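What follows is a set of notes on a single structure, which appears directly below.
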Amino acid sequence: MNSFNFNHWATQHQSAVEQLLVNNLPSERELPHTLHQAMRYAVLGGGKRIRTLFTYASAELCQAPVGYADAPAMAIELIHAFSLVHDDMPCMDDDDLRRGKPSTHKQYDDATALLTGDALQSLAFELIADSKCPLSESQKVKILHLLSVATGSRGMAGGQSIDLESTGITLNHENLEKMHAYKTGALIHAAAIMGVICAPNYTHAQYEAIDVYSKKLGLAFQVVDDILDAEADTETLGKTAGKDAENNKSTYVTLLGLAQAKHLAAELHQQAVNAIASFDERANPLRGLANLVVQRGY
Ligand code: IPE
Ligand code: IPE
Ligand code: MG
Ligand code: MG
Ligand code: MG
């Protein structure tokens, strides 16, 4: 582990989850053809798969058996893809571009995009509950509970609701933090904690450390997303740059300005890294991932 290469580790897991998703999404040859095609379109061939990496990195720190994290890793990507399909719709952010391709509602239509999100969400839970998933019944229930809370009104969907209600007004720091922690932080936190639960013998210290680590990075992830929206170009992002300003969104850039927002991202990164400082080299994937969250260019 001394010569741990994060890029190599990340690429391996990204390809592995890509293949799992290819195999586990319904075939477009199966009825309903259009819905299945749209589900595959929304999930495959794009996306950094960062949430998946949180699941695998936590599972590896806690020494989960090989294969146990596969269903949760797929599930978190399916929920995330569902959130993006709906986020881009005209009734929400109205964005025509996602992962360098037309958004799902542009490639198909609004009704198909709505159903695609619904079906991706259900598939996520189905894959965890499936008898082929090697997790124990009690691990499955814990993971299903965690993921459903993180997806619902006290998590992603709740954050998206606050986001829509806050359009055109300036949130104070406390409320902005709550919105970001809900809409983006909750799924990242769930991704990491699911990885812990995949390990039958995880320790209290591991759980507590990953809890803090993933909350800090979940928030940092959206702070950086706000910064990139303001700074990067559309081609690099694969989604429309400047969309937050165009839509009058309340973001860390509007609240603090670019320099202070970057300072906050660095601070959150440091707090996340500190939370896992006592672990040995088995935490190196988590350390690399913390760097990726704040150093990414898209
Ligand atoms: C974008 O997430 C949406 C947010 C929650 C900020 P990602 O930047 O992880 O998007 P993909 O999956 O790589 O496309
Ligand atoms: C999205 O936040 C959060 C969710 C999809 C839950 P944004 O609206 O900033 O995400 P992007 O920038 O469109 O990817
Ligand atoms: Mg949005
Ligand atoms: Mg958006
Ligand atoms: Mg954004």
Side-chain angles (χ1 to χ4, degrees), residues 42-43 46-52 54 75-106 110 113-114 116-118 120-121 124 147-169 171 175-191 214 217-256 258 261 265 293 296-298:
V43 175
K48 298 179 288 293
R49 310 297 185 211
I50 284 185
R51 289 154 193 79
T52 284
F54 276 97
I76 197 71
E77 276 303 321
L78 294 171
I79 300 274
H80 169 58
F82 135 60
S83 80
L84 297 180
V85 170
H86 284 187
D87 182 76
D88 288 336
M89 288 184 70
C91 56
M92 294 193 74
D93 289 355
D94 193 13
D95 203 324
D96 291 352
L97 191 70
R98 174 64 66 181
R99 297 172 168 173
K101 302 187 295 190
S103 305
T104 305
H105 69 275
K106 290 302 283 185
D110 287 4
L114 205 63
T116 297
D118 294 343
L120 290 176
Q121 173 168 205
L147 191 56
S148 42
V149 172
T151 304
S153 65
R154 297 185 178 97
M156 185 277 290
Q160 291 285 68
S161 173
I162 301 173
D163 179 295
L164 294 178
E165 282 179 348
S166 316
T167 300
I169 61 170
L171 291 177
N175 289 334
L176 186 64
E177 185 174 313
K178 199 167 282 177
M179 172 175 103
H180 278 28
Y182 269 30
K183 76 171 182 174
T184 299
L187 288 184
I188 289 178
H189 176 255
S214 60
L217 288 179
L219 181 57
F221 193 92
Q222 187 63 43
V223 175
V224 172
D225 185 83
D226 291 353
I227 293 168
L228 290 171
D229 188 277
E231 270 198 336
D233 57 69
T234 296
E235 202 185 330
T236 309
L237 288 178
K239 57 188 183 185
T240 314
K243 202 65 187 165
D244 291 338
E246 190 188 318
N247 286 347
N248 286 311
K249 294 285 188 184
S250 218
T251 72
Y252 272 97
V253 176
T254 58
L255 184 74
L256 301 177
L258 270 170
V293 165
R296 69 203 166 95
Y298 66 99

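Counting starts at 1 for both ligands and their atoms, following the listed order. Fair warning: this is a prediction, and the values are worked out from it, not measured in the lab.
When atom types are taken as modelled, the side chain of Asp87 and the backbone of Asp93 share no donor-acceptor pair closer than 3.5 angstrom. Judged by distance alone, the side chain of Thr167 and the main-chain N or O of Lys249 form no donor-acceptor pair under 3.5 Å.
Heavy atoms of other residues, nucleotides or ligands lying less than 6.0 angstrom from CZ of Arg154 number 12 at most.
Not a single heavy atom of His86 sits under 4.0 Å from any atom of ligand 2. At least one heavy atom of Asp225 sits less than 4.0 Å from an atom of ligand 2.
Closest heavy-atom contact between Leu171 and Met179: CD1-SD, 3.8 Å.
No N or O atom of Asp229 sits closer than 3.5 Å to an N or O atom of ligand 2.
Taking the charged nitrogens against the carboxylate oxygens, Arg51 and Glu77 have no contact shorter than 4.0 Å, which rules out a salt bridge.
Atom OD2 is the N/O/S atom of Asp87 found closest to the Mg ion (ligand 4). Taking the N/O/S atoms of Asp93 in turn, the shortest distance to the Mg ion (ligand 3) belongs to OD2.
Only the side chain of Arg98 comes within contact range of ligand 2, with a heavy atom under 4.0 Å; no backbone atom does.
Listed by atom number, the atoms of ligand 2 under 4.0 Å from Met156 heavy atoms are 6 (C).
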